[in-house]
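As the structure lists them, so they are numbered: ligands from 1, and atoms in each ligand from 1.
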Amino acid sequence: MTHLVVFLGPPGAGKGTQAIKIASEFNLAHISTGDMLRQHVKEQTDLGKIAKSLLDEGKLVPDDLVIQMLIERLSHDDCLGGTILDGFPRTLPQAKSLEKINDKFPVVKVIVFEADQEELTKRILLRGETSGRGDDTEDSIRVRLEVYQKDTEPLITYYEDKGITTKINAVGNVDDIYKEISKEFIK
Ligand code: ADP
């Protein structure tokens, strides 16, 4: 059985930064669907060709494609000891797809990153200066924040109803936030 921990939160909340640190400290695999999709774009795979303009515009890649990509990735051996999902699920159908494979891949915990819009926009624009990401622009950020509110935020209630969420204040010092999140993994 591969336990899944979901990092849920708006773009720019620091999910990726914290996921890398937690995964290495607690020997977990780290799956970032955003990183995987960017790799597909770079390699110009069939999926990459579909994803490219969607990513740049800040829109979501269709559920069926992302779900298929994620489930294939979860079948790799490195996920056996537990896995952090960073950027998935982002929609209700994506969350439900995990329910279907729940026997093998139960979602045991959801860390909800909280930060205000102003802070998020500031961070992403700053990141854009060095990230080289085509979606770290003002137009794309606006779309990404809208998409987050509409499609992804409802997942917070979805997981709260299951009693597995922990909210983290994602504004502040990276190491302090890391300490907060680590508490959830030591228990
Ligand atoms: P951020 O959280 O900063 O927006 P990510 O790297 O998580 O960055 O995602 C970048 C982009 O990749 C998203 O805007 C979207 O286009 C695509 N993407 C990533 N994960 C998913 C997903 N689960 N479903 C659909 N699209 C996704």
Side-chain angles (χ1 to χ4, degrees), residues 4-20 22-23 29-74 83-101 105 107 110-156 158-159 168 170-171 174 177:
L4 303 178
V5 178
V6 171
F7 280 18
L8 187 63
K15 302 184 296 290
T17 306
Q18 296 295 341
I20 291 168
I22 297 280
H30 167 213
I31 302 180
S32 157
T33 44
D35 284 349
M36 289 181 78
L37 289 166
R38 279 186 288 277
Q39 192 60 31
H40 276 278
V41 171
K42 204 167 136 197
E43 291 170 8
Q44 298 182 312
T45 64
D46 289 345
L47 173 57
K49 285 175 195 156
I50 298 169
K52 187 180 183 331
S53 57
L54 295 169
L55 255 82
D56 283 347
E57 288 166 32
K59 295 179 183 159
L60 295 183
V61 174
D63 283 334
D64 52 343
L65 298 178
V66 184
I67 291 168
Q68 202 184 354
M69 176 183 85
L70 193 265
I71 291 190
E72 193 282 324
R73 175 66 185 85
L74 281 174
T83 299
I84 297 175
L85 293 186
D86 160 15
F88 187 101
R90 252 180 163 90
T91 65
L92 211 50
Q94 290 182 18
K96 297 234 163 99
S97 76
L98 290 177
E99 297 296 308
K100 286 192 199 129
I101 52 166
F105 302 101
V107 176
V110 177
I111 310 284
V112 181
F113 288 65
E114 294 187 314
D116 59 83
Q117 282 231 20
E118 209 181 318
E119 170 76 16
L120 296 167
T121 309
K122 206 171 69 190
R123 281 190 198 177
I124 302 173
L125 284 176
L126 194 69
R127 178 172 78 184
E129 292 173 10
T130 53
S131 70
R133 275 177 56 167
D135 63 346
D136 283 347
T137 62
E138 250 180 295
D139 280 349
S140 178
I141 295 166
R142 194 175 21 79
V143 176
R144 280 151 72 200
L145 289 171
E146 278 167 17
V147 169
Y148 176 76
Q149 277 172 1
K150 180 172 159 288
D151 293 322
T152 310
E153 222 165 40
L155 295 182
I156 299 177
Y158 177 81
Y159 285 120
I168 295 287
V171 184
V174 172
I177 297 166

Please assess Thr83 against Leu85 for the test side-chain contact (heavy atoms from CB on, under 4.5 Å), listing each intermediate value before the final yes or no.
-> CA-CA 6 Å; Thr83 299; Leu85 293 186; 4.2 Å; yes

Are side-chain N/O atoms of Gln68 and Glu72 paired as donor and acceptor at under 3.5 Å?
->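 The answer is no; no qualifying pair exists.
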
Go through the side-chain N and O atoms of Asp63 and Thr91 and say whether any donor and acceptor fall under 3.5 Å apart.
->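 Note: Asp63 and Thr91 side chains meet the donor-acceptor criterion.
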
Is the backbone N or O of [Y] less than 3.5 Å from a side-chain atom of [X], with the two atoms forming a donor-acceptor pair by type?
| X | Y | value |
| --- | --- | --- |
| Arg144 | Asp135 | yes |
| Thr121 | Gln117 | yes |
| Arg90 | Thr152 | no |

Collect the protein residues that have a non-hydrogen atom under 4.0 Å from ligand 1 and hand them over in chain and number order.
->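 Pro11, Gly12, Lys15, Thr33, Gly34, Leu37, Arg38, Leu55, Lys59, Leu60, Val61, Val66, Gly87, Phe88, Arg90, Gln94, Arg127, Arg133, Asp135, Arg144.
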
